[in-house]
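What follows is a single structure, written as structure tokens, with notes after it.
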Amino acid sequence: METVIITGGTGLIGTALTRLLLERGYKVIIYTRDPAKGTNKSVTYAAWDINNQTLDVTALQAADYVVHLAGANVGEKRWTAARKQEIIDSRTKSSDLLFKMMRSHPNKIKKVISASATGFYGEYTDHIFRETDPPATDYLGSTTLAWEKSILPVTTLNKKLVIFRTGICLSKDGGALKEFYKPLKFGFATVLGSGDQFISWIHLQDLVRLYFNAIVNDRLEGIYNAVAPNPVTHKELVLAMAHAAKGNSFITSYVPAFALKLALGEMSVEVLKSVKASSQKIQDTGFQFSYPTVKEAMEQIFKA
């Protein structure tokens, strides 16, 4: 029985991945600031402190794989200067801690699988981004680049590394879709800005399967876009959600870009940015998406 450490394991993706790993017979250890608050009796909770750069070494030495999901929620709070620094630090300092401890203590870790984001890429409506494209120079691009650079040193320790640049993860239990759904409770399918901005997305189940695939497929290594094969405009995504959840019983409404900028400040770029990322590289490894279209994804999420 192999053991997987998950950082950020109590979030949306970590919780779903934990469930799958336990079903497949793996042991799961979750690094958390407060192990006493752990609620899953099938999981071991171990302490780490990113700010003080300490962690439970015994847990690290028990692991065969590390799935690194830790990072402050980009869309949770307004982007003040302090919040922007917290977003960066939560990613880079946690990677630094893992690397330093793996370098300092004997361990049997074979592979590290790290989250990243399609925020790495710039904004070109007609361009389909591939993993070899350069990073954007804006805040999201520079943050994501720093995030990826911070975990790269594990490869100097003879560990394999997989990085998943993840698009918008679709689940009604959390993430962006939960926010998009809120106005729909009152009958409004709310489109942000023009709605023409492209979104690279992935169903939560497919994303979790990608992480699991990275564990079981020894050949998987390097950087991959974790996105479904068919990006859609924001309007198409919202309307697909509305039809799946409400049939035709909704009214389409728009929130102008200027209003979003007033309400959200700089963070409005996150919902107004247009990114089309290619899934071809991961598909070329043999991975098949269960939900390749947004219609299939929404129908599964909102099925009765």
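From a predicted model like this one, the values you see are computed outputs, not experimental measurements.
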Minimum side-chain heavy-atom gap [X]-[Y] below 4.5 Å:
X: I30; Y: N40; value: no
X: D138; Y: K273; value: yes
X: T143; Y: V74; value: no
X: H243; Y: M298; value: no
X: E76; Y: R83; value: yes
X: T15; Y: L12; value: no
X: H203; Y: I301; value: yes
X: V67; Y: I215; value: yes

*By ring pair (Phe, Tyr, Trp, His ring centres under 6.0 Å), which residues pair with W48, not counting sequence neighbours?*
Y31

If you compare all heavy atoms of [X] against all heavy atoms of [Y], which two are closest, and at what distance to 0.1 Å?
X: V28; Y: V43; value: O-CG1, 3.6 Å
X: A214; Y: L220; value: CA-CD2, 3.6 Å
X: E2; Y: D64; value: CA-OD2, 3.3 Å
X: S90; Y: A72; value: OG-N, 2.8 Å
X: F250; Y: A189; value: CD1-CB, 3.6 Å
X: T118; Y: A277; value: CG2-CB, 4.1 Å

*salt_bridge(K178, D173) N-O dist < 4.0 Å*: no

*Looking at D206 and R209, does any basic side-chain N land under 4.0 Å from a carboxylate oxygen?*
yes

Between [X] (side chain) and [Y] (backbone), is there a donor-acceptor pair under 3.5 Å?
X: T7; Y: L69; answer: yes
X: N230; Y: P292; answer: yes
X: S274; Y: Q197; answer: no
X: S142; Y: Y139; answer: yes
X: E221; Y: K111; answer: no
X: E23; Y: L21; answer: no
X: S200; Y: V227; answer: no
X: Y291; Y: E299; answer: no
X: K281; Y: I223; answer: yes
X: N225; Y: S278; answer: yes

Pairwise distance [atom1]([X]) to [atom2]([Y]) - rounded to 0.5 angstrom:
X: I202; Y: I168; atom1: CD1; atom2: CD1; value: 12.0 Å
X: D56; Y: T32; atom1: CG; atom2: OG1; value: 12.0 Å
X: T156; Y: M102; atom1: OG1; atom2: CE; value: 9.5 Å

Run the side-chain donor-acceptor check on residues 157-167: report pairs under 3.5 Å with partners two or more places apart or on a different chain.
unit_1: K159; atom_1: NZ; unit_2: N107; atom_2: OD1; d: 2.6
unit_1: K159; atom_1: NZ; unit_2: I109; atom_2: O; d: 3.0
unit_1: K160; atom_1: NZ; unit_2: D218; atom_2: O; d: 2.9
unit_1: K160; atom_1: NZ; unit_2: D218; atom_2: OD1; d: 3.4
unit_1: K160; atom_1: NZ; unit_2: D218; atom_2: OD2; d: 3.2
unit_1: R165; atom_1: NE; unit_2: E148; atom_2: OE2; d: 2.7
unit_1: R165; atom_1: NH1; unit_2: Y121; atom_2: OH; d: 2.9
unit_1: R165; atom_1: NH1; unit_2: E131; atom_2: O; d: 3.2
unit_1: R165; atom_1: NH2; unit_2: E148; atom_2: OE1; d: 2.9
unit_1: T166; atom_1: OG1; unit_2: F164; atom_2: O; d: 3.3

_Please verify the inter-ring angle class for F180 with H234; under 30° counts as parallel, over 60° as perpendicular, anything in between as tilted._
perpendicular

*asked:* By the definition side-chain hydrogen bond (donor to acceptor under 3.5 Å, both in side chains), identify the one residue from H68, K100, K149 that meets it with S95.
replied: H68

*Centres of the Y181 and F302 rings: under 6.0 Å?*
yes

